[in-house]
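Beneath this line is the structure, given in structure tokens, with notes to follow.
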Amino acid sequence: MFLLTWLVGSATATPPVPTLAPSNHDTEERVLVKMRARQFEPTMVTLHAGQKTRLVFQNYDAELHAFVPIGLFAGVSLNISGNGAPEFDHEGFKRVIIPSEGRAEILFVPERTGTYPFLCDMPGHEMRATIVVQ
Ligand SMILES: [Cu+2]
């Protein structure tokens, strides 16, 4: 499953095959957010409604960080991979804690346009950023 989606994603960087290329609907958009020096980079992330998306968080620091989304994943099914520790409650995905030098990859389709803040809730961290779904 992971291999299949990876191949589909990489197809965006190669010339399309006229007859067998996936439609835009199936092409994966990969977006990287770095966690470095107790900041998210970038602090504004643009995603596209209806677009299959792989949202990747990479922790470059020597300490834990968390990705805590607000509203973005309500009622949205997703798949998380990587070496983070995801947490769920009755409303769904709550947060993922990512170790030093670790990463989390969230595969999903943003469904509703809007502005969705996210943060890291590790004690003492003041890391905030925003996802905009267009
Ligand atoms: Cu943090």
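Read the numbers this way: they start at 1 and go in the same order the structure lists the ligands and their atoms. Side-chain atoms are counted along with the backbone in the values below, which use heavy atoms only and exclude waters and symmetry mates. Along the sequence shown, the residues carry numbers beginning at 1.
- A distance of 13.0 Å separates NZ of K34 from CG of N59, quoted to the nearest 0.5 Å.
- Taking the six-membered ring wherever Trp is involved, the centroid distance between the rings of F93 and F108 does not fall below 6.0 Å.
- In this structure, S100 contributes its side chain and D61 its backbone to a donor-acceptor pair below 3.5 Å.
- A donor-acceptor pair under 3.5 Å is formed between the side chain of Q51 and the backbone N or O of T27.
- Look at M122 and the Cu ion (ligand 1): no N/O/S atom of the residue is under 2.8 Å from the metal.
- Here the N, O or S atom of H65 that is nearest to the Cu ion (ligand 1) is ND1.
- Note: angle at the Cu ion (ligand 1), from ND1 of H125 to SG of C120, is 110° (rounded to 10 degrees).
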